[in-house]
Structure formats: C-alpha cells, structure tokens
Trainee: 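One structure is given below, represented as structure tokens, and several questions about it will come after.
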Amino acid sequence: MTMVCHRPEGLEQLEAQTNFTKRELQVLYRGFKNVRPTGHLKAQECPSGVVNEETFKQIYAQFFPHGDASMYAHYLFHAFDTTQTGSVKFEDFVTALSILLRGTVHEKLRWTFNLYDINKDGYINKEEMMDIVKAIYDMMGKYTYPVLKEDTPRQHVDVFFQKMDKNKDGIVTLDEFLESCQEDDNIMRSLQLFQNVM
C-alpha cells in the first residue's frame, strides 16, 4: 500500500493563523508526524502527516487506561476533522489546539458547541449532550469516579440542558449555549473538565 505524504502549509502561514510561535509549531509538527498507533506497525520512512480515527482512539486509550476512551475519541476526532475526510491533518490539529489552549473564552465555547453538535445541524439536543457527557464519564473510568451511580450522567445533562434551553424548545442554539455558559460558573467549571481531557 502506498503512503501519501502530506506536507503542512508553510509555518509562517500557520503562525499567522494560530496562537503558536514558529518554534512551537515545529515542535508540535515533529510530535504529530511521528504519531504511531501501538502494535505491529513500523515507523514509516515518509510519515503521512495525517492521523486517522483508529490511531486517534489508540492515543486516547493510552492516556486513559482505566476507562473506555473510544467514544470520546470518536467525537473529538470528528470535531477536529472539520472537512469530514476521515483524517486529521496537522493544520486541523494545530488550529483546534490553538483555540482550546490559547483562544478567547468565546472561541473555546464555540469550538465546544461544535463538539456537542454531533450531527452538525447547528443545534444541540439533549441526546447529543448526553452522548458526549457519557463518553467523558466512560473515558475517565470507575477509578476516577468510584461513587457515581448509573444515572449520574443523565442527571448532569438534565440540569445543564434545562439551564441552557432558554426558550424551552428542546434544542440549544449557539447563542443560548454561549449565554448560559458565560453566566453560570457551574457550567464553566464543568466545561473546564472537557478542556482538561483534551
């Protein structure tokens, strides 16, 4: 099978588009292109410069050995894969990372809304929110949350969804999401959990 090499955009262009310096981008790219899934694959002479979903899941599994990170990694991968190509290029990765690590609160919240909007219809429904929250709880594992009851994620979602769905129409718009998050310290703290597992 032939491996297609992907070279990222010029570092100067990425430096202008992100909150990273050229040196930081070089370090990030070195780490990104050397990502290899565990197992039998050998290092490539010409790294592809892209990461597929399976590799993404394997990376997350290594960071969260006491839980099941596969669903959260799936949702996160699709939030990174903005062009829906089935692979994440370095540009996609570093752009999202720039927002999540060094973006404004508004930028971080917009990106998080996109993660929760699983079907990309511009709204978050309760089922989408439940899927993401359950994936986070599953990833953190029973050792992190030993006293959780089975219905804890549902209770968590019920409380936050009720606060966010301002007009009670069963969906949360981006404006409702932004307003709710910025006016409620509990929601902001909860979203901080997501950024910590990013």
Side-chain angles (χ1 to χ4, degrees), residues 37-38 51-82 84 86 88 92-93 96-97 99-101 103-198:
T38 56
V51 173
N52 64 24
E53 185 173 345
E54 192 53 42
T55 301
F56 207 78
K57 286 180 178 180
Q58 290 180 22
I59 293 166
Y60 261 77
Q62 292 173 37
F63 286 111
F64 298 94
H66 299 299
D68 179 359
S70 61
M71 279 312 297
Y72 184 74
H74 167 76
Y75 295 132
L76 193 59
F77 178 84
H78 286 282
F80 274 86
D81 182 14
T82 56
Q84 304 304 307
V88 173
D92 303 326
F93 171 74
L97 203 59
I99 291 168
L100 292 169
L101 296 179
T104 65
V105 169
H106 192 266
E107 289 171 332
K108 290 177 182 181
L109 290 175
R110 285 182 71 93
W111 198 93
T112 304
F113 179 88
N114 180 59
L115 171 73
Y116 278 79
D117 180 16
I118 294 170
N119 67 4
K120 306 301 179 219
D121 65 355
Y123 307 101
I124 300 171
N125 63 40
K126 193 180 268 191
E127 288 71 31
E128 288 173 313
M129 187 177 283
M130 182 63 196
D131 288 345
I132 297 290
V133 170
K134 186 171 182 328
I136 291 172
Y137 278 95
D138 288 347
M139 178 176 63
M140 300 308 273
K142 62 183 179 183
Y143 297 105
T144 307
Y145 296 111
V147 295
L148 284 184
K149 297 177 183 167
E150 190 68 29
D151 60 346
T152 300
R154 170 66 63 188
Q155 291 171 348
H156 182 107
V157 167
D158 286 344
V159 169
F160 285 145
F161 199 88
Q162 185 176 354
K163 288 180 182 180
M164 289 181 180
D165 185 11
K166 301 280 188 191
N167 63 0
K168 307 299 178 211
D169 64 353
I171 56 173
V172 174
T173 64
L174 175 61
D175 288 340
E176 287 175 318
F177 184 81
L178 293 172
E179 182 183 341
S180 300
C181 291
Q182 292 177 92
E183 70 185 15
D184 191 312
D185 289 340
N186 289 328
I187 294 175
M188 288 300 281
R189 275 193 296 276
S190 179
L191 289 174
Q192 189 65 38
L193 169 66
F194 156 71
Q195 290 177 13
N196 290 340
V197 297
M198 191 14 244

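These numbers come from the heavy atoms of this one structure, side chains and all, not from hydrogens, waters or symmetry mates.
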Trainee: Around Gln162, counting heavy atoms of other residues, nucleotides and ligands shown, do more than 12 lie under 6.0 Å from its CD?
Mentor: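 No, not enclosed.
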Trainee: Would you indicate whether the side-chain heavy atoms of His156 and Tyr137 approach each other to under 4.5 Å?
Mentor: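 Touching, per the 4.5 Å side-chain cut-off.
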Trainee: Applying side chain to side chain contact (heavy atoms under 4.5 Å, CB included), name anything that partners Ile99, two or more places apart in sequence or on another chain.
Mentor: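 Ile99 satisfies side chain to side chain contact (heavy atoms under 4.5 Å, CB included) with Glu107, Trp111 only.
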Trainee: Under the side-chain hydrogen bond (donor to acceptor under 3.5 Å, both in side chains) test, which residues partner Asp81, sequence neighbours left out?
Mentor: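 Partners of Asp81 under the side-chain hydrogen bond (donor to acceptor under 3.5 Å, both in side chains) test: Thr85.
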Trainee: Using a 4.5 Å cut-off on heavy atoms from C-beta on, say whether the side chain of Val51 contacts that of Phe93.
Mentor: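 In short, these two side chains do not touch, never coming nearer than 4.5 Å.
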Trainee: Taking all non-hydrogen atoms of both residues, which atom of Asp92 and which atom of Phe80 are closest, and how far apart?
Mentor: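 Shortest heavy-atom contact: CB-O, 3.5 Å.
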Trainee: With sequence neighbours excluded, tell me which residues meet salt bridge (charged side-chain N to carboxylate O under 4.0 Å, His left out) with Glu53.
Mentor: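 Per chain and number, Glu53 pairs via salt bridge (charged side-chain N to carboxylate O under 4.0 Å, His left out) with Lys57.
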Trainee: Test: salt bridge (charged side-chain N to carboxylate O under 4.0 Å, His left out). Region: residues 59-78. Which pairs qualify, not counting sequence neighbours?
Mentor: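 Qualifying pairs: none.
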Trainee: Once side-chain hydrogen bond (donor to acceptor under 3.5 Å, both in side chains) is applied, do any residues pair with Glu127, and if so which ones, sequence neighbours excluded?
Mentor: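 Glu127 satisfies side-chain hydrogen bond (donor to acceptor under 3.5 Å, both in side chains) with no other residue.
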Trainee: Before giving the answer on side-chain contact (heavy atoms from CB on, under 4.5 Å), spell out for Met164 and Cys181 the whole-Å C-alpha distance, their side-chain angles and the decisive distance to 0.1 Å.
Mentor: CA-CA 8 Å; Met164 289 181 180; Cys181 291; 3.9 Å; yes
Trainee: Taking the side chain as every heavy atom from C-beta outward, state whether Leu109 and Gln182 have any atom pair closer than 4.5 Å.
Mentor: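 Yes, their side chains come closer than 4.5 Å.
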Trainee: With Tyr75, which residues qualify under ring pair (Phe, Tyr, Trp, His ring centres under 6.0 Å), at least two apart?
Mentor: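 Scan of Tyr75 (ring pair (Phe, Tyr, Trp, His ring centres under 6.0 Å), adjacent residues dropped) gives none.
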Trainee: Side-chain contact, heavy-atom cut-off 4.5 Å: Ile171 with Asp165?
Mentor: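 With C-beta onward as the side chain, the pair stays apart.
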Trainee: Does any part of the side chain of Tyr72, heavy atoms only, come nearer than 4.5 Å to the side chain of Phe64, both counted from C-beta?
Mentor: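 When only atoms from C-beta onward are counted, Tyr72 and Phe64 do not touch, as no gap falls below 4.5 Å.
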Trainee: Is the shortest heavy-atom distance from the side chain of Thr173 to the side chain of Glu176 under 4.5 Å?
Mentor: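 Thr173 reaches Glu176 side chain to side chain.
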Trainee: Who are the side chain to side chain contact (heavy atoms under 4.5 Å, CB included) partners of Glu179, not counting sequence neighbours?
Mentor: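 Glu179: side chain to side chain contact (heavy atoms under 4.5 Å, CB included) contacts with Lys166, Glu183.
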Trainee: According to the salt bridge (charged side-chain N to carboxylate O under 4.0 Å, His left out) rule, which pairs have a member within residues 113-126, sequence neighbours left out?
Mentor: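 Sorted result for residues 113-126: Lys126-Asp158.
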Trainee: Partners of Phe113 by ring pair (Phe, Tyr, Trp, His ring centres under 6.0 Å), sequence neighbours excluded?
Mentor: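 Residues passing ring pair (Phe, Tyr, Trp, His ring centres under 6.0 Å) with Phe113: Phe177.
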Trainee: Which pair of non-hydrogen atoms, one from Ala69 and one from Ala61, has the smallest distance, and what is that distance?
Mentor: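 It is CB-N, 4.2 Å.
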Trainee: Do Tyr116 and Glu128 have side-chain heavy atoms sitting under 4.5 Å apart?
Mentor: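 Counting from C-beta outward, Tyr116 and Glu128 never come under 4.5 Å.
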Trainee: Would a 4.5 Å heavy-atom cut-off, applied to side chains only, mark Lys134 and Arg154 as touching?
Mentor: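 Lys134 does not reach Arg154 side chain to side chain.
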Trainee: Who are the side-chain hydrogen bond (donor to acceptor under 3.5 Å, both in side chains) partners of Asp175, not counting sequence neighbours?
Mentor: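 Here no residue qualifies.
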